[in-house]
Amino acid sequence: MEKYRVLFICLGNICRSPAAQGIFESIVAAEGAADRFEADSAGLYSGHQGQLPDRRMRSAAAARGYVLTHRARPVSSLDFLDFDLVVAMDDENYEALMHLAPSVEDTRKIKRMASYLTTHRISYIPDPYYMGQDGFELVLDLLEEACTNLYRSIA
Ligand code: 4NP
């Protein structure tokens, strides 16, 4: 059986989307569903290509048990051929992905991460890059809830 493939997208691919990928992968592993689901992440800005996630995000995530080892890469229109679901962290990511999608049909694969939030009243996942430690903790809180609900929606 073909795996269902989820691609998480943010701007730099060093804070939000690799954290979302790590959290989603940990849910998939805990559910024993690694044979059915696969995740990856990428960024709209290529300036951090090849880098590990931001040290502050790796450390905040590690404190919650997530080891982030993804290496940043830019998203490409070819990704729409490989992935079933493409999840944008904010409205700017969403708009950029809508332009990148090779077909109208592919635009239907694009979702906003915040659309999976149920208890937090916020319409996007904020960029923590210029925030303090609190920003990283908030982003992880949002991503944990969104990933849990996203997983339920596709499982
Ligand atoms: P991310 O955060 O999109 O969550 O990875 C950012 C990291 C770096 C930059 C922007 C956002 N940057 O412009 O370098």
Side-chain angles (χ1 to χ4, degrees), residues 4-29 37-102 106-151 153-154:
Y4 187 93
R5 307 192 74 210
V6 183
L7 181 64
F8 295 99
I9 300 292
C10 62
L11 181 57
N13 193 209
I14 54 167
C15 293
R16 293 165 293 175
S17 64
Q21 177 189 351
I23 292 167
F24 183 81
E25 286 173 344
S26 119
I27 293 168
V28 167
F37 300 100
E38 199 169 293
D40 192 9
S41 63
L44 287 150
Y45 167 65
S46 62
H48 295 285
Q49 186 160 2
Q51 293 178 13
L52 281 170
D54 185 283
R55 183 179 306 281
R56 296 163 296 170
M57 180 54 92
R58 271 188 286 146
S59 128
R64 299 186 188 208
Y66 310 111
V67 180
L68 305 183
T69 58
H70 176 76
R71 293 282 176 171
R73 71 165 179 94
V75 63
S76 136
S77 59
L78 295 176
D79 282 315
F80 284 89
L81 305 178
D82 291 335
F83 291 90
D84 301 290
L85 187 63
V86 180
V87 188
M89 295 298 142
D90 60 35
D91 289 343
E92 277 145 40
N93 305 158
Y94 184 88
E95 291 303 327
L97 288 169
M98 290 298 264
H99 287 288
L100 195 64
D106 284 311
T107 63
R108 295 196 195 102
K109 298 178 173 178
I110 307 168
K111 305 286 181 210
R112 287 180 175 81
M113 191 61 162
S115 71
Y116 297 100
L117 293 172
T118 45
T119 68
H120 293 90
R121 300 219 159 265
I122 182 165
S123 63
Y124 62 99
I125 310 300
D127 184 349
Y129 197 67
Y130 297 105
M131 296 177 171
Q133 179 69 22
D134 286 358
F136 288 87
E137 297 301 336
L138 169 66
V139 165
L140 288 171
D141 289 345
L142 297 173
L143 294 179
E144 285 181 328
E145 179 178 292
C147 280
T148 301
N149 291 328
L150 189 165
Y151 178 80
S153 78
I154 59 178

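In listed order, ligands and their atoms are each counted from 1.
- Residues E144 and Y66 have side chains that bring a donor and an acceptor to within less than 3.5 angstrom of each other.
- Side chains of H70 and N13: a donor on one and an acceptor on the other come within 3.5 Å.
- The residues lining ligand 1, counting any heavy atom closer than 4.0 Å, are C10, L11, G12, N13, I14, C15, R16, Y45, H48, D127, Y129.
- Ion pairing between R73 and D40 holds under the 4.0 Å rule for side-chain N and carboxylate O.
- Of all non-hydrogen atoms in C147 and A20, the two that sit nearest each other are SG-O, 3.5 Å.
- Here the shortest heavy-atom pairing between A61 and L140 reads N-CD1, 3.8 Å.
- Cation-pi check for R56 over F136 is not met; the charged atom does not lie both under 6.0 angstrom from the ring centroid and within 45 degrees of its normal.
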